[in-house]
Structure formats: structure tokens, C-alpha cells
Protein chains: 2
Amino acid sequence: MANLKQLAQSLGLSITTVSRALDGYADVSATTRERVREAADKVGYRPNASARRLRKQRAELVAVTLPSDPGHIGPPHFLDMLSGCAEHLAAAGLNLVIAPVPRGESELDICRRFVDGRRVDAMLLVRTKRKDERVEFLQSRGIPFVTNGRTESLAPHPYIDGDGFAGFRAATLRFHAAGHRRIGHIAGPQEYYFAHDRCRGWRAAMEECGLATDLCAEGAPLEQGGYLAALELLRQPSRPTALVCATDEMAIGALRALREVDGGNQISIVGHDDLPMGAFTSPPLSTMRMTGEHLGASFASLLLRAIAGETAEELQELHAIEFVDRDSHRRPLRAA
Amino acid sequence: MANLKQLAQSLGLSITTVSRALDGYADVSATTRERVREAADKVGYRPNASARRLRKQRAELVAVTLPSDPGHIGPPHFLDMLSGCAEHLAAAGLNLVIAPVPRGESELDICRRFVDGRRVDAMLLVRTKRKDERVEFLQSRGIPFVTNGRTESLAPHPYIDGDGFAGFRAATLRFHAAGHRRIGHIAGPQEYYFAHDRCRGWRAAMEECGLATDLCAEGAPLEQGGYLAALELLRQPSRPTALVCATDEMAIGALRALREVDGGNQISIVGHDDLPMGAFTSPPLSTMRMTGEHLGASFASLLLRAIAGETAEELQELHAIEFVDRDSHRRPLRAA
DNA sequence: AACATTCTCCAAAACGTTTTGGGAGTCAAG
DNA sequence: CTTGACTCCCAAAACGTTTTGGAGAATGTT
């Protein structure tokens with residue numbers, strides 16, 4: 001409530017001593033320290049953040065920009081991750097905030113505002129694009145950051161990502177092993193690294209199996225996008241018998257297309273992200289997800305190490321993808 | 001990039017003049033102003049946010065705490081709302097950030113940290129409880145805030161809310177008019193104002209129609225909670241023929257319970273929130289939503305007026321609820 | 001010529017904290 | 001008695017900005 005000067009005055013001490021007492025320095029006697037702490041507690045003293053930042057030349061703040069663009073980030077996991085991350089950053093004296101992007105501005109604008117106004121010590125980026133201007137900007141400013149998702153940037157940067165290529169290749173091969181030959185892919189916007197990566201995984205598997213890669217449709221990473229893309233694939237003269245979808249949301253949209261076209265029990269389908277919703281669709285949605293227990297902690301750790309100056313190459317984590325089998329991936333395969 | 005001092009030096013002007021030139025004061029000549037602006041642009045000067053805040057005694061920041069608790073806030077609308085709000089606040093020179101709650105801390109802790117550290121000028125609160133300690137705290141500190149959702153706080157405070165009571169009453173009466181007599185309610189945790197309000201609406205309608213109000217089950221405001229609550233109601237000797245659900249997520253969980261128990265086409269159901277996902281369930285979910293076009297703008301406006309010192313009573317908006325009819329609310333009604 | 005007015009500009013203070021570089025006082029050893 | 005070490009405290013500077021209260025020059029007015 002009060003400020004340091006008032007607190008000092010009321011105690012008959014100097015500002016310096018009060019400040020150092022609260023910070024636990026050894027050059028203030030134990031009795032004084034205790035006296036100061038009690039008084040501070042009593043009046044609920046909290047240092048003024050701006051003054052502290054100005055003096056320490058550190059914002060004690062980390063920001064993550066919230067993509068507002070087309071598809072929303074899988075909120076449940078995303079938010080869990082951020083809570084965990086915030087917890088570990090807090091232990092290092094850093095606060096985490098999410099910056100929504102005002103309509104009419106870009107994520108890059110936000111980065112600029114936060115970085116050039118020295119409002120943050122580091123940044124977190126999610127939903128990277130293959131060519132990501134935010135990454136380029138942060139690299140040009142030399143501010144520490146970690147991305148959730150890789151990019152095709154020439155200069156390496158710290159990231160955590162799932163191995164979408166391997167995951168989607170494995171999922172496709174599994175369909176092949178189950179006898180499927182017409183395996184379609186519902187792809188996300190290819191400018192996103194994750195969408196491109198997953199598409200490449202499907203394509204690689206199809207080519208390994210000597211299958212054509214024409215059963216691919218792209219859409220927005222939302223239910224509606226998946227719905228439209230699925231309708232497009234179902235319109236083909238030779239329909240797919242299985243669908244590998246870039247995201248769960250798209251898979252849920254596709255599920256509706258399947259229900260409309262063939263009653264929904266003919267075609268196998270798998271998504272990615274393990275949205276809680278997937279357990280409640282009809283049929284329950286089989287999916288994949290990134291392995292790794294405490295993702296938030298990993299992000300925090302990478303970020304702290306980036307701030308400490310470790311090089312980007314040491315700060316890259318690629319996690320394997322695991323299957324979450326429910327029902328949608330094993331619809332009975334009927335003769336063509 | 002640079003400093004005001006450095007910028008002034010490079011121009012042969014005083015710090016004062018440069019500062020005032022950039023702020024567009026009239027007491028610096030047009031030519032100097034232009035010269036300063038060009039130089040500032042060239043070196044990419046941005047004022048140091050901490051210094052500015054310290055001097056102006058305003059944080060130029062508004063924070064909203066992100067409930068991590070049990071149920072997640074309907075992300076699509078929530079995020080849209082925040083983008084719109086951020087846009088309008090930005091026009092007033094205010095930044096908006098979302099503060100996730102670190103594991104191990106409470107939303108109240110976050111409020112405390114932001115408010116007592118003078119990090120924010122105002123706050124936004126979502127998912128209010130009937131007795132909400134965040135509201136009490138902010139009131140005790142006298143800091144401007146607006147909530148999304150009412151509370152039972154004795155002192156009035158600014159809010160925007162949907163009229164859940166009227167909405168759920170209307171939905172229940174509609175089922176009654178369609179011939180339903182056993183209308184169940186799947187309720188959210190009653191400590192939340194919205195959940196209690198909606199439950200009261202259902203109860204009021206049932207009592208008006210002279211029907212018993214025992215077909216009510218409470219659960220977490222998530223798919224799983226709705227699923228379990230629905231199973232509970234379906235276990236009753238005399239099953240409901242229609243279900244009014246506190247949220248869409250709960251309704252989607254209930255939908256799965258219906259599918260498991262009776263194939264899913266016997267019981268009518270309606271949710272609330274108009275989640276995009278609802279258009280893709282089976283059957284497509286009928287739902288309700290708060291009316292009002294530019295919710296973000298409303299929030300921003302209320303917040304700015306609260307900061308300007310208008311009294312709480314003038315800053316309360318209660319919005320009507322409208323139906324979003326899809327299929328789930330008109331399952332054929334079969335004789336008991 | 002004397003005075004008021006307007007136009008530009010600036011030195012200095014202030015915001016609240018942390019940190020630097022000592023300054024008293026006490027005590028024990030030389 | 002002097003010296004050095006140690007303990008406890010503090011004055012002042014610094015962080016980078018905005019704002020206050022003029023100063024000096026040019027212009028207009030009597």
C-alpha cells in the first residue's frame with residue numbers, strides 16, 4: 001500500500017536499510033530485519049513494479065502472444081501448459097502473461113510493442129509458421145525466446161515441438177497394415193509448420209507404400225475446415241477408406257461429413273491433439289498427442305536457459321507422438 | 001532502440017523538447033517536431049515503458065485473470081471478446097493482458113500481485129462466483145474493474161452478464177409447451193453465479209408449470225461432468241424426456257450418455273454458449289447464447305467509464321438470451 | 001522607446017526503487 | 001593507544017521518462 005519512503009520514516013530507518021532488510025541482505029541486523037518485515041507485512045507493502053523494473057533494468061515479465069488468427073490453439077492443453085510454465089517461471093521471479101492480439105493488429109505488432117518498449121525479458125511463441133516473421137523479428141532484436149513449433153528459419157532457435165512427421169507417417173502406415181489402400185489426408189494450412197510437417201509424414205508413408213498421394217484436401221484448422229475438406233474427398237470417384245486429419249477439430253468436422261454421406265460407420269479416421277472433446281464424439285475419436293509429462297516446466301526451463309545465454313542448438317526438444325486409440329480408427333474395412 | 005537522452009544529444013536538443021515533440025505539444029515548432037519525429041523513426045525509438053509508467057503513475061495496463069480451475073471458459077467467444085476489448089482499450093492507450101494462474105496460486109493471488117504492485121490500472125474478471133473473493137478484494141482496494149458475470153456481493157459493481165434465469169426459464173417453458181413433462185436440468189457447480197442463475201431459471205419454470213424439480217443433477221462444467229450427470233438422471237425410475245444443460249460442454253457430455261443408454265434419439269436436449277463444436281455433434285446441438293454484437297467493445301467501454309469514475313450502478317449490462325435452434329431440442333416426444 | 005505577447009526551447013524536479021561506496025561505532029589484538 | 005576487522009546503517013546516484021515553471025528571442029502594440 002505504502003511506499004518505501006513512508007515505511008522507512010515510520011520505522012525511523014533509512015530507505016536503504018528497509019529495502020535491504022526486505023531483500024534479506026546480511027548487512028542489516030536480524031532484529032532490524034524482523035522489525036522491518038513485520039511492519040511491511042502490516043501495511044501490506046509491495047514494491048512498485050515500475051520503479052523496480054526501471055532500476056533493475058529487467059521487466060521480470062515474459063509474454064506469449066495469443067494467436068487469434070484462423071484456428072484456435074487447443075485450449076485445454078495450451079492452458080495447462082501455460083499454468084505449469086507460469087509456475088516455474090514464478091519460481092525464478094518471472095511473471096507470465098498472455099497478450100491477445102487486438103483486432104487490426106498483427107502478432108508481430110504485439111511483439112514489437114512488448115520488446116521495443118522493454119516490457120518483457122523474453123517471449124514465448126506458439127503456432128509457428130514455416131516462415132515466421134515473429135521469429136525473424138525476435139532474432140533481429142536478440143531477445144531470448146522459445147517457440148512451440150519449429151520453423152524453416154535459417155538461424156536456429158529454441159523450440160519444443162512434436163514430431164508430426166513421424167506421427168503421421170506411423171498413423172498412415174498403421175492404416176496400411178490394417179488393409180487400407182485409399183488413405184486420405186485432411187491437411188491444415190500449409191504455411192503452418194505443424195500442418196506441413198504432418199502432411200509430409202502422410203505423404204512419405206503413402207509413397208513408401210507405393211500409393212498415390214492425391215487424396216489430400218486442405219482446410220482451415222477448425223471443425224468447419226475439416227468438414228469441407230472431408231466432403232471434398234468423399235466426392236472423389238474412388239473414396240478414401242481411412243482419413244488422417246491434421247487436428248482433432250478438423251477430424252470432428254470430418255466426422256460430421258461422414259455421418260451425412262455414409263452414416264458415419266464406414267470410414268476410419270484419426271486426429272491429432274487429444275482434445276477432451278474427442279472422447280465424446282460419435283464414434284469416440286482416435287487421436288495422437290505429443291509425449292512428455294510436464295510440458296510447461298520444459299518450456300520454462302528452456303526459456304530460463306535461453307535468458308541465461310545458452311545457444312539455440314542446446315535448446316531444441318523434439319517429442320515423439322503417441323497414439324490415443326479410441327474407436328474411430330477401426331471402422332470395419334469393406335471390400336472396395 | 002535508443003534513449004531519449006541519446007536521441008536529444010544526436011539532435012542537439014534538450015530531452016524536454018524531444019519528449020514534447022514526440023507527444024505533439026504545440027510549444028515545439030513544426031519544423032523541430034518533424035525533425036525529431038524523423039530521427040525517432042529512424043532509430044526506432046520507443047519510450048521505456050517502466051520509466052513512463054513510473055513517472056505517469058499509471059500502468060497503462062489492464063489484466064484479466066485466466067480461470068484455470070475446473071472448467072475452461074468457452075475459448076472461441078472468450079478470445080474473440082478479448083481481441084475486441086483489446087482493440088478498444090488500445091485506442092485509449094491501454095494494453096490488455098491475460099494472466100494465467102500458476103499452479104499452486106489462486107486467482108486472488110494474481111489479483112493481489114497485479115494490483116498491489118501497481119502493475120495495472122484496472123482489471124477484468126471472468127467466471128464470477130456468487131461469493132467472489134476477487135471482487136471483494138478489488139472493491140477493498142478501490143481499483144476499477146468489470147466482471148463478466150454477476151455476483152451476490154452487497155456492494156454493486158460493474159458487470160456484463162447474460163440473463164441466464166430468463167433464458168433457462170424460457171427454454172424450459174418451451175419444452176413444456178412442446179408436451180414435455182419430465183424436464184431435467186444438468187447443472188454446473190452452484191458456487192458459480194451463472195450456474196446458479198441458470199438452475200434457478202429452470203426451477204422457476206418447473207414450479208410455474210406445477211412440475212417436480214427433482215430431475216436435477218450437478219457436475220463439473222465439462223463434458224465429463226455433463227456425461228456423469230446425465231447418466232445419473234437416466235438411472236431414475238422415471239426418466240426425463242428433455243434436458244436443459246448449463247453449458248454446451250456439459251450438453252455434449254450428456255449427448256454421449258444418451259447415445260450409450262438409448263441410442264441417442266429419444267431425449268431432447270439444449271445447451272448454452274453456442275460453442276462452434278455444437279454444430280458438429282450428433283445430433284447437432286441446440287443451444288442458447290447471450291445477445292449483443294460487440295461484446296469486447298462493451299467491456300472496454302464499461303472499463304474506461306469505470307476508470308473515469310462513473311458509479312457501479314450505471315455500469316451494469318444484462319443481456320437477453322436467444323435460442324440457437326439446431327436439431328437436438330426436437331427429438332420426437334414419445335408417450336411415457 | 002517601452003511594454004506586452006507569442007513562440008521556442010530548456011533545466012530541474014519528480015516518480016520509487018536498487019545499488020554503490022562509504023561512515024560510525026564496537027571490539028579484540030598488537 | 002593504535003590498528004584492523006566487523007557490524008550495522010545510510011546518503012546519494014542511477015534507471016528513463018514526463019511535467020513544471022520559467023528564460024530568451026522575436027513580434028506586435030502603445
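What you see is a predicted model, and the numbers here were worked out from it, not measured in a lab. The figures that follow rest on heavy atoms only: side chains count, while hydrogens, waters and symmetry mates do not. Naming convention: chains lettered A, B, ... in sequence-line order (proteins, then strands); numbering from 1 in each chain.
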Legend entry - More than 12 heavy atoms from other groups under 6.0 Å of NE2 on B:His319: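 For B:His319, atom NE2 is crowded (more than 12 foreign heavy atoms under 6.0 Å).
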Tell me whether [X] contacts the main-chain N or O of [Y] through its side chain, where contact means a donor paired with an acceptor under 3.5 Å.
{"X": "A:Gln139", "Y": "A:Ala155", "result": "yes"}
{"X": "A:Asp132", "Y": "A:Arg134", "result": "yes"}
{"X": "A:Thr128", "Y": "A:Gly149", "result": "yes"}
{"X": "B:Arg141", "Y": "B:Arg112", "result": "no"}
{"X": "A:Asp121", "Y": "A:Arg58", "result": "no"}

Legend entry - Charged tip of B:Arg150 within 45° of B:Tyr193 ring normal and under 6.0 Å: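 No cation-pi geometry.
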[atom1] of [X] versus [atom2] of [N]: gap in Å, rounded?
{"X": "B:Leu4", "N": "D:dT18", "atom1": "CG", "atom2": "P", "result": "7 Å"}
{"X": "A:Arg33", "N": "D:dC9", "atom1": "CZ", "atom2": "P", "result": "10 Å"}
{"X": "A:Arg53", "N": "D:dA14", "atom1": "CZ", "atom2": "P", "result": "24 Å"}
{"X": "A:Asn48", "N": "D:dT17", "atom1": "CG", "atom2": "C1'", "result": "14 Å"}
{"X": "B:Tyr45", "N": "D:dG16", "atom1": "OH", "atom2": "P", "result": "10 Å"}
{"X": "B:Leu54", "N": "D:dA14", "atom1": "CG", "atom2": "C1'", "result": "12 Å"}
{"X": "B:Arg20", "N": "C:dT8", "atom1": "CZ", "atom2": "C1'", "result": "11 Å"}
{"X": "A:Glu60", "N": "C:dT18", "atom1": "CD", "atom2": "C1'", "result": "11 Å"}

Inset, instruction - Report the end-to-end axis angle of the helix from C:dA1-D:dT30 to C:dG30-D:dC1; each axis comes from five terminal pairs, and the value is rounded to 10°. - result: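 Terminal axis comparison yields 70°.
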Phosphate contact ([N] OP1 or OP2) by [X] side-chain N/O below 4.0 Å:
{"X": "B:Gln57", "N": "C:dG16", "answer": "yes"}
{"X": "B:Tyr25", "N": "C:dC9", "answer": "no"}
{"X": "B:Asn3", "N": "D:dT17", "answer": "yes"}
{"X": "B:Thr17", "N": "C:dC9", "answer": "no"}
{"X": "B:Thr32", "N": "C:dT8", "answer": "no"}

May I ask you to verify whether the side chain of [X] and the base of [N] hold a donor-acceptor pair under 3.5 Å?
{"X": "A:Thr16", "N": "D:dA11", "answer": "yes"}
{"X": "A:Arg55", "N": "C:dT17", "answer": "no"}
{"X": "B:Asp27", "N": "C:dC7", "answer": "no"}

Inset, instruction - Give the intermediate values and the outcome of salt bridge (Lys or Arg N to Asp or Glu O under 4.0 Å) for residues B:Arg127 and B:Glu107. - result: CA-CA 11 Å; B:Arg127 277 246 159 167; B:Glu107 280 189 65; over 6 Å; no
Inset, instruction - Look at all strands and tell whether B:Ile15 reaches a base, only sugar-phosphate, or nothing, counting heavy atoms closer than 4.0 Å. - result: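 It contacts base atoms.
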Inset, instruction - Using a heavy-atom cut-off of under 4.0 Å over every strand shown, decide if B:Ser19 touches base, sugar-phosphate, or nothing. - result: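 If one applies the 4.0 Å heavy-atom cut-off, B:Ser19 turns out to touch a base.
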Inset, instruction - By nearest nucleotide on DNA chain C, pick out whichever of B:Thr31 and A:Asp23 is the more 5' one. - result: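 First, find each residue's nearest nucleotide; the 5'-ward one identifies B:Thr31.
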